[in-house]
Q: 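Dropping the structure in here first, questions after.
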Amino acid sequence: MLFVRYENWKSYLRYYPITTILFVANIIMFLVLAFNGGASNNQTLVKFGALTNVDGYNEWWRYVSSMFLHGGFSHLLFNDFAILVFAPPLERLLGAWRYALLYLLSGVIGNILSVAHYNRIGETLITIGASGAIYGVYGAFLYIALLQRNWMDDSSRKTVYALLMFGIIFSLVSPGMNINWMAHLGGLVGGFFIYGLMARIVKKRVKRS
């Protein structure tokens with residue numbers, strides 16, 4: 001089972017440095033928000049990097065910075081738990097830097113699609129959270145579950161499917177919770193194809209060597 005963690009903290013830090021950095025960065029930025037007006041204050045969110053389609057605040061860096069902000073403790077807990085438990089196998093598989101690239105690019109793709117969607121329907125968007133990037137990790141695992149089946153055991157494959165089904169259902173039945181389903185979808189699709197591209201590049205290099 002890929003998603004059961006057996007490591008102690010010392011081993012975890014050594015094996016999964018990028019995952020640890022992402023986990024800690026989310027906590028640090030949560031505390032920064034808490035001591036500067038709180039995550040329920042839109043002005044505070046925009047000041048510290050929330051992504052928005054409001055004119056004058058659509059800087060490119062917000063597509064990245066917004067991934068490290070969360071709207072409350074439960075939001076942080078849910079996302080950091082997912083990072084802590086489900087992301088490590090992908091870091092071991094891809095290596096630290098390819099994994100970091102997939103995580104960040106998936107989140108950016110989800111954010112780009114979010115802005116495009118809200119611009120299309122003419123609504124104001126202020127979005128934060130690591131969910132798009134986390135769904136990018138799920139997208140990579142979905143690729144493995146479907147197209148590299150010998151790399152994943154049945155229990156892990158069922159876990160991936162369950163995570164995605166739960167995410168879809170939760171997004172549909174909880175409209176009042178302001179879930180950015182487009183970021184989830186964009187991250188999932190982005191992670192799926194980015195991982196597929198990385199897998200092909202690595203495979204070609206192995207054949208050449």
Side-chain angles (χ1 to χ4, degrees), residues 1-7 9-29 49 51 60-70 78-114 129-153 155-157 159-161 163-164 167 182-209:
M1 177 64 169
L2 289 176
F3 306 118
V4 177
R5 305 268 51 85
Y6 300 102
E7 306 88 357
W9 281 107
K10 186 176 180 181
S11 297
Y12 192 100
L13 294 174
R14 183 170 72 252
Y15 293 146
Y16 316 120
I18 300 300
T19 296
T20 302
I21 290 171
L22 295 172
F23 178 84
V24 173
N26 288 339
I27 294 175
I28 291 173
M29 291 310 301
L51 178 64
W60 66 267
W61 54 269
R62 294 181 182 275
Y63 288 88
V64 176
S65 62
S66 59
M67 286 187 259
F68 298 93
L69 305 179
H70 291 84
F78 185 84
N79 281 345
D80 255 3
F81 175 82
I83 291 171
L84 195 68
V85 175
F86 298 114
L90 190 64
E91 182 169 1
R92 289 300 299 274
L93 178 63
L94 289 177
W97 298 113
R98 279 194 291 267
Y99 161 72
L101 184 63
L102 182 143
Y103 181 95
L104 293 174
L105 285 180
S106 297
V108 168
I109 290 171
N111 282 337
I112 289 173
L113 291 181
S114 295
S131 299
I134 292 169
Y135 270 81
V137 173
Y138 296 161
F141 284 128
L142 180 62
Y143 184 100
I144 296 171
L146 295 175
L147 302 175
Q148 295 178 324
R149 295 179 62 85
N150 59 318
W151 288 20
M152 182 178 286
D153 60 275
S155 295
S156 299
R157 191 176 299 112
T159 299
V160 171
Y161 297 153
L163 283 170
L164 294 177
M182 183 57 74
H184 294 183
L185 176 62
L188 178 68
V189 173
F192 185 92
F193 285 103
I194 292 168
Y195 176 84
L197 178 61
M198 288 180 174
R200 289 176 178 273
I201 291 173
V202 170
K203 186 175 181 180
K204 287 181 180 179
R205 287 179 179 175
V206 170
K207 285 183 178 180
R208 288 175 183 174
S209 61

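Just so it is clear, the structure is predicted and the values come from calculations on it, not from any experiment.
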Q: Could you list the donor-acceptor pairs under 3.5 angstrom formed by side chains in residues 133-144, with sequence neighbours left out?
A:
none

Q: Hey, is the main chain of Arg149 close enough, under 3.5 Å, to the side chain of Arg157 for a donor-acceptor pair?
A: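 At least one qualifying donor-acceptor pair exists.
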Q: Looking only at heavy atoms, which two atoms of Asn79 and Ala130 are closest? And how far apart?
A: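 So the minimum-distance heavy-atom pair works out to ND2-N, 3.5 Å.
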Q: Taking atom CZ as the centre, does Phe81 end up with more than 12 heavy-atom neighbours from other residues, nucleotides or ligands that are less than 6.0 angstrom away?
A: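 No, CZ of Phe81 has 12 or fewer neighbouring heavy atoms, counting only those of other groups under 6.0 Å.
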Q: Which value, rounded to the nearest 0.5 Å, describes the distance between Asp80 atom CG and Asn26 atom CG?
A: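 So the gap between those two atoms works out to 4.5 Å.
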Q: Is the number of heavy atoms from other residues, nucleotides or ligands under 6.0 Å of Trp97 CH2 greater than 12?
A: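 Counting other residues, nucleotides and ligands, CH2 of Trp97 stays at 12 neighbours or fewer.
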Q: Does one side chain, of Ser114 or Asn111, offer a donor that lies under 3.5 Å from an acceptor on the other?
A: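 Short answer, no.
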Q: If we only count heavy atoms from C-beta on, is the Leu101 to Met198 side-chain gap below 4.5 Å?
A: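 Leu101 vs Met198: side chains touch.
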Q: Restricting to side-chain contact (heavy atoms from CB on, under 4.5 Å), what partner residues turn up for Phe193, sequence neighbours left out?
A: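 Residues passing side-chain contact (heavy atoms from CB on, under 4.5 Å) with Phe193: Val189.
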Q: Throw together a table of side-chain donor-acceptor distances under 3.5 angstrom for residues 83-91, partners on residues two or more places apart or in other chains.
A:
unit_1 : atom_1 : unit_2 : atom_2 : d
Glu91  : OE1    : Thr19  : N      : 3.0
Glu91  : OE1    : Thr19  : OG1    : 2.7
Glu91  : OE2    : Ile18  : N      : 2.9

Q: For residues 184-198, which residue pairs qualify under side-chain hydrogen bond (donor to acceptor under 3.5 Å, both in side chains), counting only residues two or more places apart or in two chains?
A: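 As it turns out, the side-chain hydrogen bond (donor to acceptor under 3.5 Å, both in side chains) pairs with a partner in residues 184-198, which skip direct neighbours, are Gln148-Tyr195.
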Q: Looking at every heavy atom in both Gly186 and Ile109, which two are closest together, and how far apart are they?
A: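 Closest pair (atom of Gly186, atom of Ile109, distance): O-CG2, 3.6 Å.
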Q: Sequence neighbours left out, what passes salt bridge (charged side-chain N to carboxylate O under 4.0 Å, His left out) with Arg5? Give chain and number order.
A: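 Salt bridge (charged side-chain N to carboxylate O under 4.0 Å, His left out) list for Arg5, sorted by chain: Glu7.
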Q: With a 3.5 Å distance limit and no angle check, can you tell me whether Ser156 reaches the backbone of Leu2 through a side-chain donor-acceptor pair?
A: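 Confirmed, Ser156 side chain pairs with Leu2 backbone.
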Q: Suppose we screen for side-chain contact (heavy atoms from CB on, under 4.5 Å). Which residues come up paired with Thr20, at least two apart in sequence or across chains?
A: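 Partners of Thr20 under the side-chain contact (heavy atoms from CB on, under 4.5 Å) test: Tyr12, Leu13, Val24.
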Q: Would you indicate whether the side-chain heavy atoms of Phe192 and Leu197 approach each other to under 4.5 Å?
A: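 No. Closest side-chain heavy atoms not under 4.5 Å.
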